[in-house]
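Input: a single structure, listed below in structure tokens.
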Amino acid sequence: MNIALAKIDLTDALAVWRRNLRVYLRLWKTELIAPIIEPIFTFFAFGFGVGALIGSEVENLSYLSFVGAGVLAFTVLMRTVFEMTYGAYFRMVYQSTYDAILATPVNAESLAFGEILWAVTKGAVDCIFILPLVVIFGSATSLFTPLSIVPLIFGCVYLGSLGLAITAHVHEIDYFNIFFALFFSTLFLCGAWFPVGNLPEWLQIVAYLIPTTSVIDLCRACLTGNFAARHVYEMFYLCVISILLLEWALRSIRKRMVV
Amino acid sequence: MNFAVEAKNLIKNFGELRAVDGISFGIKRGETFAILGENGAGKSTTMRMIACRSPLSAGELSVAGLNVSIEDRKVRSLIGVVPQENNLDPDLNVRENLLVYSRYFRIPKETAQARCAELLDFIRLNEKAEAKVEQLSGGMKRRLMIARALLHRPKILLLDEPTTGLDPNVRQEIWEKLEELRRTENLTIVLSTHYMDEAEKLAQRLLVMAQGKIVVEGVPRKIIENRVKKFALEIREADPIELQNVNGIISQRRGQTHIYFAENLERLAPLMSLYGSRQMILRPANLEDVFLQLSDAGAVESE
Ligand SMILES: Nc1ncnc2c1ncn2[C@@H]1O[C@H](COP(=O)(O)OP(=O)(O)O)[C@@H](O)[C@H]1O
Ligand SMILES: [Mg+2]
């Protein structure tokens, strides 16, 4: 068996990662404004706007506590997805950055892994900046709050890999519209803004098949301290999906770039 | 292991299309070797296979004595690549372009900084070290591409159409740099081009490709002597007069121009009087003459 993951060279991947870091550090102010502004407005809109309509408790939580995990996950995951779709597409197609890197000893797998690693890092940095907001808005009540970065990182790996794999198959930038339509519409099912339990049973099954549901559910558990047995399965599911999609992303980039 | 690059029956298919069709050649260490051909001849595809960027469909290819299909990582650390299209990083400035790239070769930071300063000197871009890539002229970008390919002191430098689209004086400048590299660094240089003058000026040996095959190869001067005669007489706007067929003289029509090739000047004299006062150029035959004759044979319309 020819496993793409086995071809990763970590030193090479890190060199790719550092290229992105260098660009990021030059633009860090603008890079950080978006992930801070967005959740503030989302909190006002959902927490207070929608929350006022709801009044009652959701899953034994005030709506503001409930929606915190959704706001956090939504912001972090979306940034990762953007980085691995439009960001990666720009580097691959318009700037030929991948072409330049592949003329060096760095192989396609290490390149793809470095890119995904970068997208995950960006998500993690955003998470660190958004978490205090979650606390300030009163959505985080548990001491386990910082642990919510773990499911989010898995979410970033799975969605970043998916994004990069799709980017490797896209030959016109407009095709991303289809992917984003799917991404955003499924996001409504994933328990970010209302409990998955409110859905009809068959839709609940669909929702739980989408790994984002697990990411948000695990985040919520960390923020509120309400853990349950299903969280172990969710974590396992995320691990498996992340590894599979990572492998797919690596293969796709080789197929696209090495012809 | 005399050759820097050795290809045997090299083939590359893109689906149904055979871009490189069973070519064999050897490039000696320390020489400048040119791959000539018109657009679509298969030059870039050949270069990309040498650079381990494109897997072979069939055949054998070794670079610096290493099999490219097996030891591609090693090969890539021994070669410097300047692809046909510039791919400098627009998100980084000139110096950062070199420094960031040096990491892919695992050059230690201090070494990289020293090497970077040295190369900026070499391509005379010192003053532009902090400039953004988009502020550079076409010639500067190309020079920076060359510097970037030299960071890790490669043994072999691959240049895919190094001067296409550049001004004549800028081309001259790049040629001088390449000459200097070959002399001082004992670098093997492999370049592809569709400019005859470039190949003639830089290359000790060359091959001409058409439709994925080699049409001719060897030393430029020898090819010219063997394929066309020593002297050429060009007559412009020659149309009203018939193309003459004279024994021992090769005649050729290129659009409005008639060209006659002969072994010595005396043989061309009668033709000169025939055309009278039309604009004429008498010159030594060059590689372009060979090239155009060869592509004529391949049914390519000239002009
Ligand atoms: N990635 C590719 N996919 C399909 N066809 C290709 C690809 N690259 C090159 N070709 C085709 O192969 C032939 C040779 O191309 P190329 O090597 O770029 O020629 P040259 O560099 O001499 O202009 C052309 O017909 C070109 O269209
Ligand atoms: Mg080409």
Side-chain angles (χ1 to χ4, degrees), chain A residues 2 4 6-28 30-31 83 86-115 117-118 122 171 251 253-259, chain B residues 12-15 17 19 45 47-57 71-93 95-107 109 112 132-134 144-145 148-149 151-152 154 157-160:
Chain A
N2 201 349
K7 294 187 197 149
I8 296 172
D9 183 307
L10 272 182
T11 312
D12 290 348
L14 224 56
V16 174
W17 181 86
R18 287 179 67 185
R19 180 251 164 226
N20 292 330
L21 178 69
R22 184 128 190 173
V23 178
Y24 180 86
L25 288 179
R26 232 196 29 226
L27 305 169
W28 70 273
T30 43
E31 291 273 10
E83 182 67 25
Y86 289 110
Y89 192 82
F90 259 81
R91 290 195 283 278
M92 180 173 77
V93 176
Y94 295 126
Q95 307 188 352
S96 299
T97 312
Y98 290 3
D99 241 324
I101 292 174
L102 291 175
T104 72
V106 178
N107 65 17
E109 289 78 13
S110 307
L111 164 66
F113 189 67
E115 286 279 285
L117 206 59
W118 171 249
K122 221 168 151 180
H171 287 271
R251 282 167 186 259
I253 286 292
R254 170 167 290 276
K255 208 167 145 216
R256 170 78 181 250
M257 296 305 301
V258 181
V259 286
Chain B
K12 180 73 190 186
N13 301 320
F14 291 113
L17 178 88
T45 307
M47 298 289 273
R48 284 166 61 84
M49 285 192 281
I50 299 173
C52 302
R53 268 296 276 117
S54 191
L56 323 183
S57 300
E71 302 192 76
D72 63 316
R73 191 189 165 90
K74 187 83 196 293
V75 171
R76 283 192 266 196
S77 69
L78 293 174
I79 58 173
V81 183
V82 179
Q84 189 167 340
E85 303 293 334
N86 288 341
N87 53 24
L88 297 164
D89 199 325
D91 293 330
L92 304 170
N93 70 26
R95 189 195 308 279
E96 285 174 328
N97 256 282
L98 296 180
L99 289 177
V100 167
Y101 211 68
S102 73
R103 292 205 198 105
Y104 304 134
F105 294 97
R106 305 196 181 177
I107 303 171
K109 196 174 172 189
K132 286 192 153 188
V133 168
E134 69 222 38
L144 185 55
M145 286 292 292
R148 198 184 68 178
L151 276 167
H152 55 298
L157 182 62
L158 301 172
L159 304 131
D160 197 352

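- Applying the 6.0 Å contact sphere to CZ of A:Arg26 captures more than 12 heavy atoms from other residues, nucleotides or ligands.
- Between A:Asp9 and B:Arg106 there is a salt bridge, with a side-chain nitrogen of the basic residue lying less than 4.0 Å from a carboxylate oxygen of the acidic one.
- Heavy atoms closer than 4.5 Å to chain A are found nowhere in B:Ile79, neither backbone nor side chain.
- In this structure, A:Leu102 and B:Arg53 have side chains that are in contact, with non-hydrogen atoms separated by less than 4.5 Å.
- Listed options A:Thr97, A:Val16, A:Asp12, A:Val258 were ranked by heavy-atom pairs under 4.5 angstrom with chain B; first place goes to A:Asp12.
- Salt bridge A:Arg91/B:Asp91: absent, no basic N to carboxylate O contact under 4.0 Å.
- For B:Tyr104 (side chain) and A:Ala100 (main-chain N/O), no donor-acceptor pair under 3.5 Å exists by modelled atom type.
- A:Val259 and B:Arg48 make their closest contact through O-NH2, 4.1 Å (heavy atoms, listed as atom of the first residue, atom of the second, distance).
- Closest heavy-atom contact between A:Gln95 and B:Pro90: CD-CG, 3.5 Å.
- Interatomic distance, CZ of A:Arg22 versus CG of B:Asp89, reported as 11.0 Å (0.5 Å rounding).
- A distance of 9.0 Å separates CG of B:Asn97 from CZ of A:Arg19, quoted to the nearest 0.5 Å.
- In this structure, chain A has no heavy atom under 4.5 Å from any part of B:Lys74.
- Under a cut-off of 6.0 angstrom, the local environment of NZ in B:Lys132 is sparse, with at most 12 non-hydrogen atoms contributed by other residues, nucleotides or ligands.
- Within the 3.5 Å criterion, the main-chain N or O of A:Leu14 finds no donor-acceptor partner in the side chain of B:Arg103.
- When every heavy atom of B:Arg76 is checked against every heavy atom of A:Thr104, the shortest pair comes out as CD-O, 3.3 Å.
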